[in-house]
Amino acid sequence: DANLRAALAAGEGEYLFILGNDDALPKDDTVSRLVSVLKDLDHPEVAFSSMELYGEGDQSVRQIRETKVLGSGPEIAVKNFRYFCPAMGIVMKRSVFKKYDTSEYDGSIYVQIYLVVRAVASGARLACISDSLVAKDVHIPGEKVNTYEDGLAMANDRLRPKTGGIDQVGRVTCEALLPSVPISERGEYIFSVYSQLLLRSYPYWLWDYRKKGVYRAAVNLAWGCFPCRLIKIDKVPLFIHVRLFALYFVVTAFCLLAPIKFLDAVKQKLL
């Protein structure tokens, strides 16, 4: 996080554009196309784009259907926060970064979520861009690429609670979002954040671990994402805890016990 913030702080243009350490620009004209789109959209403060796998342009891994300004405010921020989990394909005005830059989330690996959600919840306009601006997971023929899969064997060696970073996504998102939300509505916004994580991010990783044959790692994730471990923010209303507990148990039972072939068939709709 500190490295990302230092890189962004070194920028000198009107906009900052985030690429991951193993990402590339898909085409020679990517930057000029981005400039044109931002102009057409009347220069929104924050934007995110479609992405593709490196060398496989027709296999998009994040498909944005249309280019448009989504709006601003807490409701727009909470509907879109999951797009900012990968630190790539995010565009923001340098003035926005300077206004919300903080070391508070160094070590979370999700400072980019804080920057975007805090800005959008506070009134910055968010846009989505259908053009693929990132080719992710650069690989060189004949060379091995390090991925999260390298640690799966170790994660599968014994039973111990693991959150997979989902707890930090929830914490950073809520702490960025809630200052812009009326106190009477905060419970529902907290539920919206964590219910999205439990219905989308969490089941995806359970499915992925089972698919790769590391069932113990899937159990560890389920153990770690038990709501009392997952929720790392203060003053969450009891009725929100109860609703999230019910949701957690249904999702966990389904994803750990349903046949893999069945999960494969419904993956696109559920995950």
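Numbers here simply count residues along the sequence, with the first being 1.
A salt bridge links D208 with K212: at least one charged nitrogen is closer than 4.0 Å to a carboxylate oxygen.
Between F226 and F249, the two ring planes are perpendicular [angle over 60°; tilted spans 30° to 60°].
Within a 6.0 Å sphere centred on CD of E75, heavy atoms belonging to other residues, nucleotides or ligands number 12 at most. Crowding of L257 atom CG: a count of heavy atoms from other residues, nucleotides or ligands under 6.0 Å exceeding 12. Heavy atoms from other residues, nucleotides or ligands lying under 6.0 Å from OH of Y54 number 12 at most.
Here the CE-OH distance, from M51 to Y83, works out to 10.5 Å after rounding to the nearest 0.5 Å. In this structure, the separation between CH2 on W207 and CD1 on I260 is 8.0 Å, given to the nearest 0.5 Å. Taking CD of E188 as the reference point, atom CZ of F239 lies at 5.5 Å (rounded to 0.5 Å). The NZ atom of K98 sits 13.5 Å away from atom NZ of K93, with the distance rounded to the nearest 0.5 Å. The distance from the CG atom of L244 to the SG atom of C228 is 12.0 Å, given to the nearest 0.5 Å. Taking CD from E175 and OG1 from T102, the interatomic distance works out to 10.5 Å, rounded to the nearest 0.5 Å.
At least one side-chain heavy atom of Q196 sits under 4.5 Å from a side-chain heavy atom of F81. Put simply, the side chain of F84 does not reach to within 4.5 Å of the side chain of I18, judged on heavy atoms. You'll find the side chain of E52 stays beyond 4.5 Å of the side chain of V134, heavy atoms only.
In this structure, V236 is not a member of the same hydrophobic cluster as V242, with clusters built from ILVMFWY side-chain heavy atoms closer than 4.5 Å. The cluster map of Ile, Leu, Val, Met, Phe, Trp and Tyr, joined by side-chain heavy atoms under 4.5 Å apart, puts Y204 and V250 in different clusters. When the side chains of ILVMFWY residues are joined at heavy-atom separations under 4.5 Å, either directly or via intervening members, F17 and V69 end up in a single hydrophobic cluster. Residues F245 and I233 are members of one and the same hydrophobic cluster, defined by side-chain heavy-atom contacts under 4.5 angstrom among Ile, Leu, Val, Met, Phe, Trp and Tyr. In the hydrophobic cluster analysis, where Ile, Leu, Val, Met, Phe, Trp and Tyr join through side-chain heavy atoms closer than 4.5 angstrom, L221 is grouped together with L159.
A donor-acceptor pair under 3.5 Å is formed between the side chain of R210 and the backbone N or O of L256. Without hydrogens or angle criteria, Q112 side chain to C85 main chain gives a donor-acceptor distance under 3.5 Å. Checked by atom type and distance alone, the side chain of D1 pairs as donor or acceptor with a backbone atom of I109 at under 3.5 Å. Between the Q168 side chain and the T163 main chain, no donor and acceptor come within less than 3.5 Å of each other. Counting only distance, with no hydrogens or angles, the side chain of R243 and the backbone of S195 share no donor-acceptor pair below 3.5 Å.
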Just list the side-chain donor-acceptor pairs under 3.5 Å for residues 115-130, sequence neighbours left out, or say none.
from, atom 1, to, atom 2, distance (Å)
R118, NH1, S122, OG, 2.7
R118, NH1, S180, OG, 3.1
S122, OG, R118, O, 2.7
R125, NE, E45, OE1, 3.1
R125, NH1, D42, O, 3.3
R125, NH2, D42, O, 3.2
R125, NH2, H43, O, 2.6
R125, NH2, E45, OE2, 3.4
S130, OG, T67, OG1, 2.9

Test side-chain contact (heavy atoms from CB on, under 4.5 Å) applied to L16 and V91, step by step
CA-CA 6 Å; L16 305 170; V91 185; over 6 Å; no

Passes side-chain contact (heavy atoms from CB on, under 4.5 Å), Y202 versus T252? Steps please.
CA-CA 9 Å; Y202 172 62; T252 300; 2.7 Å; yes

One pair to check against side-chain contact (heavy atoms from CB on, under 4.5 Å): R5 and L8. What are the steps and the verdict?
CA-CA 5 Å; R5 292 191 304 104; L8 293 174; 5.5 Å; no

Test side-chain contact (heavy atoms from CB on, under 4.5 Å) applied to L247 and Y194, step by step:
CA-CA 10 Å; L247 182 61; Y194 284 100; over 6 Å; no

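Summarising the geometry of A222 relative to L206, their closest heavy-atom pair is N-CD2, 4.3 Å, with the distance given to 0.1 Å. Closest non-hydrogen pair, P26 versus S132, comes out as CG-O, 3.5 Å. In plain terms, the two heavy atoms of A77 and L177 that are nearest each other are CB-CD1, 3.9 Å. For the residue pair L19 and L133, the shortest heavy atom distance occurs at CD2-O, 4.4 Å. In terms of heavy atoms, L230 sits closest to C225 at CB-O, 3.7 Å. Across I166 and S201, no two heavy atoms sit closer than the pair CD1-C, 4.4 Å.
Screening residues 8-29 for side-chain hydrogen bond (donor to acceptor under 3.5 Å, both in side chains) gives D29-R33 as the qualifying pairs, with residues at least two apart or on separate chains. Listed by first and then second residue, the side-chain hydrogen bond (donor to acceptor under 3.5 Å, both in side chains) pairs that reach into residues 226-241 are D167-K232, sequence neighbours excluded.
Side-chain rings of Y105 and Y110 stay apart, their centers remaining 6.0 Å or farther from each other.
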